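Everything below concerns the one structure shown next.
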Amino acid sequence: MSDRRKPYPFDVIEPKWQTRWDERRLFHAANPGDPGFDPAQPKYYVLDMFPYPSGAGLHVGHPEGYTATDIIARYKRFRGFNVLHPMGWDAFGLPAEQYAIRTGQHPEITTRENVARFKTQLKRIGFSYDWEREIATTDPGYYRWTQWIFLQIYNSWFNPETQRAEPISTYTGDDPDSVRLAYVAEVPVNWCPELGTVLANEEVIDGKSEVGGFPVVRRPMRQWMLRITAFAERLIDELEPLDWPEGIKLLQRNWIGKSAGSEVRFAIEGSAEAITVFTTRPDTLYGATYMVLAPENPLVARLTTNEQRKTVADYKAEISAKSDLERTDLAKDKTGVFTGGHAINPASGERVPIWIADYVLMSYGTGAIMGVPAHDERDFEFAQKFALTIKQVVARGSAPVPGAGEGVSPSRTSLAGSIAEKPAPETGAPPGEIQSAFIGDGVAVNSPLIDALPTAEAKHRIIAWLEEKGLGRRTINYKLRDWLFSRQRYWGEPFPIVWEGGKHRALSADELPLVPPALDDFKPTGTGEPPLSRATDWVRHSEKATRELNTMPQWAGSCWYYLRFCDPENASRFVGEEAERYWMSVDLYVGGTEHAVLHLLYARFWHKVLFDLAYLTTNEPFQRLVNQGMILGEDGRKMSKRWGNVIDPLDVIADYGADAFRCYEMFMGPLEQMKPWSMNGVEGVSRFLARVWRLLMEENQAGEWILSSALTETAPDKGQLRVIHATIKKVTTDIEALSFNTAIAQMMIFVNAFTNTETRPVEALRTLLVLLNPFAPHLASELWESLGAKFPISPNEITDQPWPEHREEFLVEHEVEIALQVNGKVRVRVSVPIAATPEELESLAQANPRVQEFIAGLTVRKVVVIPGKLVNVVAN
RNA sequence: GCCGAUGUGGCGAAAUGGCAGACGCAACGGACUUAAAAUCCGUUGGGCUUAACGGCCCGUGCCGGUUCGAGUCCGGCCAUCGGUACCA
């Protein structure tokens, strides 16, 4: 291909315009107070999810979203907006560190090289970023403020009364460290003794390290945590008004996993202690025939009887050898052992055995459950396996049993009553031979306090009783866990924390940035100590104090980069107040679904903390979110080295040009949809652009491109005006709707309509070039310039033109073709005057010979007239 | 399991409840050319029928419903893809 003649000289014009845009600072957005800032202009902040600059360079997936936002950015500029469209680098991260371990090359160098490569690639595609706002999370000028934000989080707490983050100074309790939004806790991590490091869950496969296949065990280690759970309620509620895809909102809600229920306290037999469980079904309390604690629950040691001590210890050892993944993967079959201890069911007074099992997680609820096998699938499976009592306490049915009072009727009666009302298959089986758990709502039975009550009311009643007796209370639980915020890595932001006498303390803001020490050896130390421990001088903060050795996770930098873009040079504040007030929030945020939960949740969390502390004026960062779909290989499979189906954007650009690449990415299909790449498709779009080129240009004898002699200053004819204005209308509404594929299709219709005309009105082509400019900016700019050489216009830059407005009057036709239907089937199409009244259309239809033919011998029952569309004659 | 998305020609896809398949690809035919490429013009959902112009029937994953009219709305299935997984 590259040896073939180019359909138009994109290889010359694209670099030319890219250089010119840079020189003219065309895409630089002025901040309030800057020279050239126009307060009358509305603002528009359109943001891409910034990339991790990997060694592999860009793939075709990146530019899909970037092209979409670029079209919007260029369009909004035409529309008179002050557009903020920035780009930067999420540059801390593991690959650079691992590369450093292998080669000894400092991650900073690797990162710099990768950033340079990415930037070259992005520039070659012609994106209209304001490069003067470029940021990298690894710049000290940037991570200084990442550390500063951490300090704000560290120095605040969540006041449950105001439901807001507040400075720690407003906390009046004894132990501020127990309520800080950043705190230290012992949490279990994946520890690989052989590699001497902690591994992420994704790095552990079947209980072995992904690298080397060494055994991995879970072991508690001291970690920094962020108290995101305090914001769970607000993270759900404040999601509601955002203009995000419903699916993403749902994903976040499910991740936060709110469930309402109650805590119930079970007394332990022969002990002053009690076990508190969380349940969403307190109405099934009478059916709790056993209890299960998580193996890690500290109560286990105190409950276990001497006879069971060895069994329990063995089981715990077995469990701790399993990784999280293994523990859940192998969850096909329930396991567990009896502790020997018993508790008392507070409702029934029955004595119930206490077990431990790994299907109960220490990290959710209270790390203990009441086992209600008749009404919970997992409990049912467990009870079956270990032959525990199964007691039915909810019967199918919805209406309360007539005449049944509260807790007075014998349970047997109400059970019989509800069966009579709505028989269910399994209730025919005698008690103890229940075939499966009934987990739906129904009517309480065998539960004296709440018999005959429907589930909702039974829950309410039993909670009231528990609260009255001091045995429990209504609570809400979340799946969301606090955010494990520390990593034992080198290439990340050091914590602005020092330790002295076993206590942590924050650095002051003027000690920032805290720069990581220069290291030659980035390898894990083998002891579990982070690599920073090697830098002994750096670690010593003072005579008595030493620095925190962990670093922050990669998420930290991406939690607030959209704020820094508003004011990237500011040396005295993470973002200037005026800049933040002017630019925030992000009007359009485009990126992949892979960040639907973590990044977007973490960023919202930080934003809310900063908002509560009055550093920001907005409560949410991203007003509108759009996810682009994945681009698959030509074979319909996910692009990967393994399949050899990876497409390199630069290869495509070398053959067809950046404009064709951009347009093809948008023409493939709807932005949000997953779709396969097709080189033939690129070819087609490239042909379209070449046709646009030849609409204005022709070759002279010498083979040079010159302005076409078909161009004239004449006015477009009626047919042409219709196409022009239909195109303005469709392209405009389609861009607003992010429906770029159909916008391009309409421009193709335009070009087809003008391709073989003898004379081409310059006016029509000017309009086309402006409409095309957001999609194919190099081509449109070049042609505009060429056109201006012979047909000057003021202002003479395409980017200074107003966006065209369509005029309805050019779209209306005198005649319109409508369909005549008989009984819903189209029988003939006829041309009718646009002004024809419904009555006229009706009689016209009935008089039509074709219609006559089909209604012959039938009685016309009804005639439906849709003016401009069709007439449907209903007859039988 | 659960949650979500998607099912329309040979392919990527269009269609405020109102003429299904716009636009593009591929394929085929034609023009130009010594020839090819490029370019331009045309045909192109399937079946039946006609010498031809035409005409008829079927068709948006499957089954049903609402409606004068359903790719679109409702109910029930099936398939593919993605996410998630003992969350009490």
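Proteins get letters first, then strands, A, B, ... in listed order; numbering begins at 1 in each. Computed from a prediction, not measured in an experiment: that's the story for all the values here.
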(message) When you compare the side chains of A/Arg481 and A/Thr229, does any donor N or O come within less than 3.5 Å of an acceptor on the partner?
(response) no
(message) Is it true that, when you exclude A/Arg265 itself, more than 12 heavy atoms of the residues, nucleotides or ligands shown sit nearer than 6.0 Å to its CZ?
(response) no
(request) Assign A/Phe854 to base, sugar-phosphate, or nothing according to its heavy-atom contacts below 4.0 angstrom with the strands shown. (result) sugar-phosphate
(request) To the nearest 0.5 Å, tell me how far A/Asp376 CG sits from A/Met370 CE. (result) 9.5 Å
(request) Ignoring the backbone of A/Leu251, work out which of B/rG83, B/rA88, B/rA13 is nearest its side chain. (result) B/rG83
(message) For a quick test of reading the model: is some side-chain N or O of A/Asn741 closer than 4.0 Å to OP1 or OP2 of B/rC23?
(response) no
(message) Would A/Arg827 pass as a cation-pi partner of A/Phe854, given that its NZ or CZ must be under 6.0 Å from the six-membered ring centre and within 45 degrees of the axis?
(response) yes
(request) Please tell me which of the listed nucleotides, B/rA15, B/rC25, B/rG24, lies nearest to the side chain of A/Met748? (result) B/rG24
(request) Output all residues satisfying side-chain hydrogen bond (donor to acceptor under 3.5 Å, both in side chains) with A/Tyr364, sequence neighbours left out; order by chain, then residue number. (result) A/Ser259
(request) Report yes if a side-chain nitrogen or oxygen of A/Asn752 is closer than 4.0 Å to either non-bridging phosphate oxygen (OP1 or OP2) of B/rG24; otherwise report no. (result) yes
(request) Go along nucleotides 65-79 of chain B 5' to 3' and tag each nucleotide: B for a protein heavy atom under 4.0 Å from its base, S when only backbone or sugar atoms are that close, - otherwise. (result) ---B-----------
(request) Would you tell me if any nitrogen or oxygen in the side chain of A/Arg694 comes within less than 4.0 Å of OP1 or OP2 on B/rC40? (result) yes
(request) Tell me what A/Asn756 touches on the nucleic acid: a base, only sugar-phosphate, or nothing, going by heavy atoms under 4.0 Å. (result) sugar-phosphate
(message) What's the closest nucleotide to the side chain of A/Met674 if the choices are B/rC25, B/rC81, B/rA13?
(response) B/rC81
(message) OP1 or OP2 of B/rA88 versus the side-chain N and O atoms of A/Ser259: is any pair under 4.0 Å?
(response) yes
(request) Between B/rC23, B/rC86, B/rA88, spot the one nearest the side chain of A/Asp376, thanks. (result) B/rA88
(request) Could you summarise the pairing of RNA chain B as dot-bracket text, marking Watson-Crick and G-U pairs under 3.5 Å with ( ) or [ ] inside the strand and | across strands? (result) (((((((..(((.....[....))).(((((.......))))).(((((....)))))..(((((..]....))))))))))))....
(request) Sequence neighbours left out, what passes side-chain hydrogen bond (donor to acceptor under 3.5 Å, both in side chains) with A/His806? Give chain and number order. (result) A/Glu808
(message) Nearest to the side chain of A/Asn254, heavy atoms from C-beta on, is which of B/rA26, B/rA88, B/rC3?
(response) B/rC3
(request) Check every strand shown and say whether A/Gly684 touches a base, only sugar-phosphate, or nothing at a heavy-atom separation below 4.0 Å. (result) sugar-phosphate
(request) State whether a side-chain donor-acceptor pair under 3.5 Å links A/Glu665 with A/Thr67. (result) no
(request) Indicate whether OP1 or OP2 belonging to B/rC56 is found under 4.0 Å from a side-chain N or O atom of A/Arg850. (result) yes
(request) When you get a sec, tell me which of B/rA88, B/rC3, B/rG18 is the closest nucleotide to the side chain of A/Leu361? (result) B/rA88
(request) Specify whether A/Phe386 and A/Trp355 have parallel, tilted or perpendicular ring planes, treating 30° as the upper limit for parallel and 60° as the lower limit for perpendicular. (result) tilted
(request) Could you pick out which residue, A/Ser678 or A/Leu250, lies toward the 5' side of RNA chain B when each is mapped onto its nearest nucleotide? (result) A/Leu250
(request) Establish, with yes or no, whether the OP1 or OP2 oxygen of B/rC23 is under 4.0 angstrom from a side-chain nitrogen or oxygen of A/Gln746. (result) no
(message) Can you see whether A/Tyr359 has A/Lys334 sitting over its ring - NZ or CZ less than 6.0 Å from the centre and within 45° of the normal?
(response) yes
(message) Taking salt bridge (Lys or Arg N to Asp or Glu O under 4.0 Å) as the definition, give me every residue that meets it alongside A/Arg474, ordered by chain and number, with sequence neighbours left out.
(response) none
Let me check something: any side-chain donor-acceptor pairs from residues 591-599 of chain A under 3.5 Å, sequence neighbours excluded? List them with distances.
from: A/His599; atom 1: NE2; to: A/Tyr589; atom 2: OH; distance (Å): 2.8

(request) Would you mind telling me which of B/rA13, B/rC23, B/rC58 lies closest to the side-chain atoms of A/Ile749? (result) B/rC23
(message) Looking at B/rC56, I'd like to know if its phosphate oxygens (OP1 or OP2) sit under 4.0 Å from a side-chain N or O belonging to A/Arg827.
(response) yes
(message) Looking at A/Arg253, I'd like to know whether one of its side-chain N or O atoms comes within less than 4.0 Å of OP1 or OP2 on B/rG4.
(response) no
(request) Identify which nucleotide among B/rC25, B/rA13, B/rG24 has an atom closest to any side-chain atom of A/Gln673, counting heavy atoms from C-beta outward. (result) B/rA13
(message) With a cut-off of less than 4.0 Å, is there a side-chain N or O of A/Arg691 near OP1 or OP2 of B/rC40?
(response) yes
